[in-house]
Amino acid sequence: MNIHHILIQELQNILSVCISEMANERGIQPNELPKIEIEKPFNTDHGDYASNIPLRLTKLFKNNPLTLANEIAKKLPCNANSFTVETAAPGFINFKLSENWVRDQINVIIKAGSSYGDLPVGKGTKVMIEFVSVNPTGPAHVGHARGAVLGSALANMMSAAGYSVTREYYINDAGNQMNLFYESVLARYHELHGENYPFPEKGYQGDYVTGIAKLIQETYGSSLLNNNDMLKIAGDFSKGNMLNVISEDLSILGVEFDNWFSEKSLFDSDDYSETISELKTKQYLKEMDNALWFASTLLDDDKDNVIVRTNGEPTYFASDIAYHRNKFVKRKFDRVIDIWGADHQGHISRLKAAMRALHIDDSKLTILISQMVTLKKGDEVVKASKRTGDFITVRDLVDEVGADACRYFFLARSASSQMEFDMELAKKTSNENPVHYIQYAHARITNILNLALEKNLDWQKGDINLLTNVHELKLIKTLIRLPEVVLQVSDSLEPHHMPHYALEVASSAHAFYENCRVISSDPEEEAITLARLHLLEASRIVFKKILDLMGMSAPERM
RNA sequence: GCCCCAGUAACUCAGAGGAUAGAGUGACUGCCUUCUAAGCAGUAGGUCGCAGGUUCGAAUCCUGCCUGGGGUACCA
């Protein structure tokens with residue numbers, strides 16, 4: 001039999017066929033059957049993969065679980081060339097991979113090369129991941145860095161899983177926060193010329209605001225001081241400058257976008273007006289206290305929300321509805337994933353309600369919340385205040401600890417958990433730092449392969465059947481789990497599984513390194529040397545792929 | 001008050017119905033004449049916040065409570 005790259009799916013399939021037959025014999029409808037789960041037992045005595053399905057079928061089939069397990073095991077179309085099946089009390093089915101099959105996977109990996117781990121499951125479904133979307137009123141800071149890393153890594157992994165992914169940044173360039181920012185810059189610009197100009201109450205205080213004012217001064221001299229268009233000119237300049245800064249800062253963190261979408265463009269096009277009239281037609285709008293409200297309570301939300309203020313200005317919510325309508329209706333995305341900071345969590349239910357109001361299936365919209373980050377230096381908490389402009393920017397962070405460490409630490413935590421980011425730890429080049437553990441494994445492997453090249457040792461001549469050592473087999477078994485992990489991440493939208501898997505691969509590789517000497521000066525050992533080089537070539541491919549998916553570098557030397 | 005997230009080893013965190021609850025760090029023991037010791041092997045370390053419930057089986061699901069964080073604007 002031919003086992004597909006995603007072992008778990010293949011095992012699910014054969015179990016499913018077998019259990020359907022059994023259900024049929026017992027007169028049980030297929031829709032009553034529970035989902036078949038495959039797990040990886042911690043204890044290797046229980047095989048490489050296992051299923052608890054007999055236990056879950058006990059009631060339905062009115063049989064003892066172990067009896068069921070045996071019946072299933074007997075029916076399974078197993079072939080000792082790939083794996084064997086065993087049953088265990090109280091009712092598990094354990095799958096043990098055959099060593100020959102495991103070794104053969106080395107060539108499967110090498111043949112696939114950098115596409116190993118890529119899957120067809122997404123079937124080209126059009127997915128948008130919208131993330132970061134920091135207001136261009138200031139640089140991106142540490143909290144945004146987490147969402148940025150999450151989004152970019154998730155995009156990589158969903159692409160690998162076969163989805164057609166668009167990475168988008170939503171520019172909030174409409175609304176009064178922008179005006180406040182422009183006024184702040186303009187006030188600093190006037191100060192530079194010794195002119196009196198009121199600094200707005202609740203204006204933007206950061207030093208970067210003065211920095212932009214200085215750039216404007218360099219470009220325009222004093223010509224804006226008495227210019228009627230000074231707010232528009234200074235505003236456009238400031239916005240452009242800020243977007244450049246944000247884009248460059250994200251870029252050094254390894255975060256890139258396919259599209260930058262302007263909020264303002266929703267008003268310049270028909271998107272906004274169409275959305276409002278559609279909501280009006282569908283009778284979800286109402287006037288109250290001289291404002292226009294979206295009646296989200298009609299759609300099970302907990303309260304209604306203002307769409308157009310008393311002063312005639314649309315709220316952020318209004319343009320966000322138009323924006324999401326644009327994503328689904330105009331641009332026809334099959335699925336949209338938004339990554340928001342925890343402080344926007346209250347916005348979820350009303351946006352979903354708005355989708356329902358527009359007859360858009362709100363299950364196509366997934367909003368992931370990236371929780372708060374507490375920045376620490378050792379035991380000391382680094383305080384941040386956006387109001388005073390006193391915060392650590394993405395650039396500060398990357399300059400201090402490096403992009404790889406940033407990405408690893410943000411990725412390794414599940415998005416829904418608040419986390420601590422210890423800059424001291426992330427900077428350390430020692431065994432305390434898991435980033436180095438992983439990259440070091442890659443560097444060691446590459447080093448051996450390079451050395452082999454110098455000595456004219458060709459791994460392609462290596463006979464993989466010589467690889468019988470427990471550390472060799474363990475390494476291969478770990479490598480071949482990559483497709484499963486890609487699948488897991490793309491299904492669960494939880495990229496944090498990848499860094500944990502990366503640690504396992506590194507651990508297997510380091511153990512192999514310690515226990516299996518590769519390049520030997522003894523000519524009699526050349527055969528095993530070549531066989532091990534063959535394995536290392538496959539390992540190098542998998543490491544590179546994992547690090548690529550996480551957006552981290554794969555150093556050849558450390 | 002109501003809504004969301006979290007509480008698991010000394011620390012940072014995985015595990016989200018199954019077999020003996022894991023990893024890294026820290027502590028303690030060993031291991032470098034040979035491809036990188038940024039490594040390996042081992043020891044110690046747990047009332048899975050608390051209390052009920054569902055189940056053959058609960059860290060995992062349900063209910064209540066406690067603690068921490070976030071939200072609950074005609075801010076974004």
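A, B, ... follow the sequence lines: proteins, then strands. Residue 1 opens every chain. Keep in mind the model is a prediction, meaning the values are calculated, not measured.
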Q: Which nucleotide in the list A37(B), A73(B), C35(B) gets nearest to the side chain of Arg444(A)?
A: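 Side chain of Arg444(A) sits closest to A37(B).
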Q: Any idea which of A23(B), A76(B), A73(B) is nearest the Thr315(A) side chain?
A: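 Selected nucleotide: A76(B).
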Q: Under 4.0 angstrom, heavy atoms only, what part of the nucleic acid is Asn43(A) near: base, sugar-phosphate, or nothing?
A: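 Here Asn43(A) touches the bases of the nucleic acid.
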Q: Hey, does Ala291(A) reach any base, or is it just sugar-phosphate, or nothing, if we go heavy atoms under 4.0 Å?
A: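 Touches a base.
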Q: Of the nucleotides C4(B), C40(B), G18(B), which has the atom closest to the Gln345(A) side chain?
A: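 Shortest atom-to-atom distance from the side chain points to C4(B).
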Q: Are any of Lys202(A)'s side-chain N or O atoms less than 4.0 Å away from OP1 or OP2 of C75(B)?
A: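 No.
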Q: According to the interplanar angle, ranging from 0 to 90°, do the rings of Tyr169(A) and Phe257(A) count as parallel (below 30°), tilted (30 to 60°) or perpendicular (above 60°)?
A: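 It falls in the perpendicular class, over 60°.
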Q: Specify whether Phe267(A) and Tyr272(A) have parallel, tilted or perpendicular ring planes, treating 30° as the upper limit for parallel and 60° as the lower limit for perpendicular.
A: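 Phe267(A) and Tyr272(A): tilted rings.
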Q: In plain terms, say whether Arg356(A) and Asp300(A) are close enough for a salt bridge, that is, a side-chain N and a carboxylate O under 4.0 Å apart.
A: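 Judged by the 4.0 Å cut-off on N to carboxylate O distance, Arg356(A) and Asp300(A) do not form a salt bridge.
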Q: Taking both distances under 3.5 Å as the test for a Watson-Crick or G-U pair, what stems of at least three pairs does RNA chain B have?
A: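 Ordered by first number, the stems with RNA chain B (at least 3 consecutive pairs each) read B:1-7 with B:66-72, B:10-13 with B:22-25, B:27-31 with B:39-43, B:49-53 with B:61-65.
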Q: Please tell me if Asn176(A) has a side-chain N or O lying less than 4.0 Å from either OP1 or OP2 of A76(B).
A: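 Indeed, a polar side-chain atom of Asn176(A) lies that close.
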Q: Check Lys40(A) with Glu484(A), please: is the shortest side-chain N to carboxylate O separation under 4.0 Å?
A: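 Looking at Glu484(A) and Lys40(A), the cut-off is not met.
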Q: Report which part of the nucleic acid Glu454(A) touches: base, sugar-phosphate, or nothing (heavy-atom distance under 4.0 Å, all strands).
A: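 The residue Glu454(A) makes no contact with any strand.
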Q: Which parts of nucleotides 9-14 of chain B does protein reach within less than 4.0 Å, heavy atoms only, written one letter per nucleotide 5' to 3' as B for base, S for sugar-phosphate only and - for none?
A: ---SSS
Q: If you define the side chain from C-beta out and look only at heavy atoms, does anything of His347(A) sit under 4.5 Å from Asp320(A)?
A: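 They are in contact (side-chain heavy atoms under 4.5 Å apart), so the answer is yes.
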Q: Picking from A23(B), C35(B), A76(B), which would you name as closest to the side chain of Tyr513(A)?
A: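 The answer is C35(B), which lies nearest to the side chain.
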Q: Select base, sugar-phosphate, or nothing to describe what Glu504(A) touches, counting heavy atoms under 4.0 Å on all strands.
A: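 No contact at all - Glu504(A) keeps every heavy atom at 4.0 Å or more from the nucleic acid.
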Q: When rounded to the nearest Å, what value does the distance between C1' atoms of A37(B) and C32(B) take?
A: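 A37(B) and C32(B) have their C1' atoms separated by 7 Å.
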Q: Students often get this wrong, so: under 4.0 angstrom with heavy atoms, is Leu451(A) touching a base, only sugar-phosphate, or nothing?
A: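 Sugar-phosphate, no base atom in range.
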Q: If you compare every side-chain N and O of Ser416(A) against the phosphate oxygens of A6(B) (OP1, OP2), does one of them come in below 4.0 Å?
A: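 Yes, within the criterion.
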Q: Between Lys327(A) and Glu130(A), is there a side-chain N and carboxylate O pair less than 4.0 Å apart?
A: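 Counted as a salt bridge, because a side-chain N and a carboxylate O are separated by less than 4.0 Å.
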Q: Please give the distance between the P atoms of G64(B) and C28(B) as a whole number of Å.
A: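 Straight-line distance between the two P atoms is 47 Å.
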Q: At a heavy-atom distance below 4.0 Å, what parts of residues 456-463 of chain A sit against RNA chain B?
A: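 Residues of residues 456-463 of chain A that come under 4.0 Å of RNA chain B do not exist, since none gets that close.
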Q: On a whole-Å scale, what distance lies between the P atoms belonging to G49(B) and A14(B)?
A: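 Taking atom P in both G49(B) and A14(B), they lie 14 Å apart.
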Q: Answer yes or no as to whether G71(B) has its base stacked against His344(A), where stacking requires a ring-centre separation under 5.5 angstrom and planes under 30 degrees apart.
A: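 Answer is no, no stack.
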Q: Salt bridge between Glu32(A) and Lys59(A), side-chain N to carboxylate O under 4.0 Å?
A: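 Looking at Glu32(A) and Lys59(A), the cut-off is not met.
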Q: Are Phe92(A) and the base of A19(B) stacked, counting only ring centres nearer than 5.5 Å and planes tilted under 30°?
A: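 So yes, this residue stacks on that base, both cut-offs being met.
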Q: Can you tell me if Tyr437(A) touches the phosphate of C40(B), counting only side-chain N or O atoms and a distance under 4.0 Å to OP1 or OP2?
A: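 Yes, within the criterion.
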Q: So what does Arg350(A) touch, heavy atoms closer than 4.0 Å: a base, only the sugar-phosphate, or nothing?
A: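 If one applies the 4.0 Å heavy-atom cut-off, Arg350(A) turns out to touch a base.
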Q: Going by the glycosidic torsion and a 90 degree boundary from 0, is the base of C32(B) oriented syn or anti?
A: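 Because its glycosidic torsion lies within 90° of 0, C32(B) adopts the syn conformation.
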Q: Within this structure, what is the NE2-OG distance for the pair His497(A) and Ser490(A), rounded to the nearest 0.5 Å?
A: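 Going from NE2 on His497(A) over to OG on Ser490(A), the span is 11.0 Å.
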Q: Would you measure the distance from the C1' atom in A76(B) across to the matching atom in A38(B) and give it in whole Å?
A: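 Result for the C1' pair: 44 Å, nearest Å.
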Q: For the ring pair His144(A) and His141(A), is the centre-to-centre distance below 6.0 Å?
A: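 Between His141(A) and His144(A), which both carry aromatic rings, the centre distance is below 6.0 Å.
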